[in-house]
Amino acid sequence: MAPPAAVMITDTEVPELLAALRRRTRTASSFGKGQVDSGVDSEVVVDLTPSSSAPTALSLAEEQARAEAQEDAALLADPNAEVAPDTPAAKHPESLPVPVGPQLAWLDPYLIPLLVDPRDTVFVKTSMWLSIGVLSALYLVLVQFTWVHFALHAAWVAKYATTFVLMLHCVCHRPLYRRTAPAPLHLWVPYFLAPFYGHTWETFYWHHIKHHHIEDNGPNDLSCTLHYQRDNFFHFLHYFFRFLLFTPIELTQYFARKGWYSSAFRLACMEAGSWVHYATLTYLGMTYGYNTSVLPGLMTLVLPVVLMRFGMMSGNWAQHSFVDATRADCDYVQSLTCIDNHYNAIAFNDGYHTSHHLHPRRHWADHPANLVTHAREYGKQGTIVFRGIDFQEMG
């Protein structure tokens, strides 16, 4: 059976490329044979006219794609793998999301030498801004909890939760700082900010990088959606509560079964250590501050973890809702793409989820170009593309 036709691909983030694309075709399903995704987006090709050199280009693309796939597999499968080496700086696109706080452009000459990719200055500036939330949380837990302050703090965390988790997502997939950067910078996002924005230490990394992208929503993926009826709310509740209550335990068992005992031990220690950290802060606030109960710790530290895990699971449920069980190993039909929406601007192009699963270490700024460049293959494979809504709205 022929794959379903994708909707017309259009996105305000790459207007000049899409204008050229629209002149040649109307739907992705009419493109015919497409290109193999090489994962290299330094040059975007929008001329869809076949050429005599196509077989050679296809062969080179296949060879490069195979090499990158092997590299990614080795990096993901080895729990002790080193991060990717520093890559040359790419041209700075003009359509990148901006920091959620002040722009601080004057910092760029000082930040860029520290970064693997100069486009990621947005992460450093966003981290600086989100540190305000950490100070607010520490005051609520250690000094004095008031409902007025908590309401303002909750509004802050709710406003920036999506941006934070997708920033964490990006820096887990690709190193933010060069290895020569001061050590505290490497710890800033995953260890200093994360506990105050709903994340226990390293759990996201071990689940998402070392598990989800290895199993790829397959039957052995603890967050696999294939086993569920995805328009059934009660199935989603089972999916969510299993993740909330049992995933740290099941993930530890998963690593142990694969023989990754050091990974299993580290995951268990970091998850347990996070809860000890929360309990210690709450105890200190009750002992030396003005708080007289565990309520400040529960509301400020524990509640965000529950809500963040609900948000992540509802997002993953939506991203992998329209899947083809007969092609469980095909990334083109195991995840969706959502374009032309506000979500991509605050979530570092997370809407391009198919592109992300095709090449997990692709830079977040390169996803729109990948969709345009390889639109033929997206249409040929039957990728579903939504325009004007995000995953939560679609879910």
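As the structure is a prediction and not an experimental result, all values here were calculated from the model.
In this pair, H208 and H173 present their aromatic rings perpendicular. The plane angle is above 60°, beyond the 30 to 60° band. Under the 30°/60° scheme for interplanar angles, the aromatic rings of W201 and Y191 are found to be tilted.
A side-chain hydrogen bond (donor to acceptor under 3.5 Å, both in side chains) with W364 is found for one member of D350, D120, N344 and no other, namely D120.
Side-chain contact between W275 and V302 is present, with heavy atoms from C-beta onward closer than 4.5 Å. Two residues are said to be in side-chain contact when any heavy atoms from C-beta on lie closer than 4.5 Å; F233 and L237 meet this criterion. Looking only at side-chain heavy atoms (C-beta outward), H363 and D117 come within less than 4.5 Å of each other. When side chains are defined from C-beta on, C338 does not count as touching H353, because their heavy atoms never get closer than 4.5 Å.
Pairs of residues two or more places apart, or lying in two chains, that qualify as side chain to side chain donor-acceptor pair (under 3.5 Å) and include a residue from residues 292-317 are T200-R309, Y239-N316, E271-R309, S314-Q392. Listed by first and then second residue, the salt bridge (charged side-chain N to carboxylate O under 4.0 Å, His left out) pairs involving residues 148-170 amount to none (not counting sequence neighbours).
Chaining together hydrophobic side chains whose heavy atoms lie under 4.5 Å apart leaves Y261 on its own. Alongside V323, the hydrophobic cluster contains L226 (criterion: ILVMFWY side chains under 4.5 Å).
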Please tabulate, for side-chain N and O atoms in residues 138-153, each donor-acceptor pair with protein atoms closer than 3.5 Å (sequence neighbours left out).
unit_1: T146; atom_1: OG1; unit_2: H149; atom_2: N; d: 3.2
unit_1: H149; atom_1: NE2; unit_2: S136; atom_2: OG; d: 2.9
unit_1: H153; atom_1: ND1; unit_2: S136; atom_2: OG; d: 2.9

Indicate every side-chain donor-acceptor pair of residues 240-252 with a distance under 3.5 Å to a residue at least two apart or in another chain.
unit_1: R242; atom_1: NE; unit_2: E250; atom_2: OE1; d: 3.1
unit_1: R242; atom_1: NE; unit_2: E250; atom_2: OE2; d: 3.4
unit_1: R242; atom_1: NH2; unit_2: E250; atom_2: OE1; d: 3.3
unit_1: T247; atom_1: OG1; unit_2: F243; atom_2: O; d: 3.3
unit_1: T252; atom_1: OG1; unit_2: P248; atom_2: O; d: 2.7

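Listed for the R178 side chain is a donor-acceptor partner under 3.5 Å among the backbone atoms of L115.
In this structure, H199 has its ring center under 6.0 Å from that of F164.
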Query raised in the report: Checking side-chain contact (heavy atoms from CB on, under 4.5 Å) for the pair V294/Y283: CA distance, chi angles, key distance, verdict?
Result: CA-CA 8 Å; V294 298; Y283 172 78; over 6 Å; no
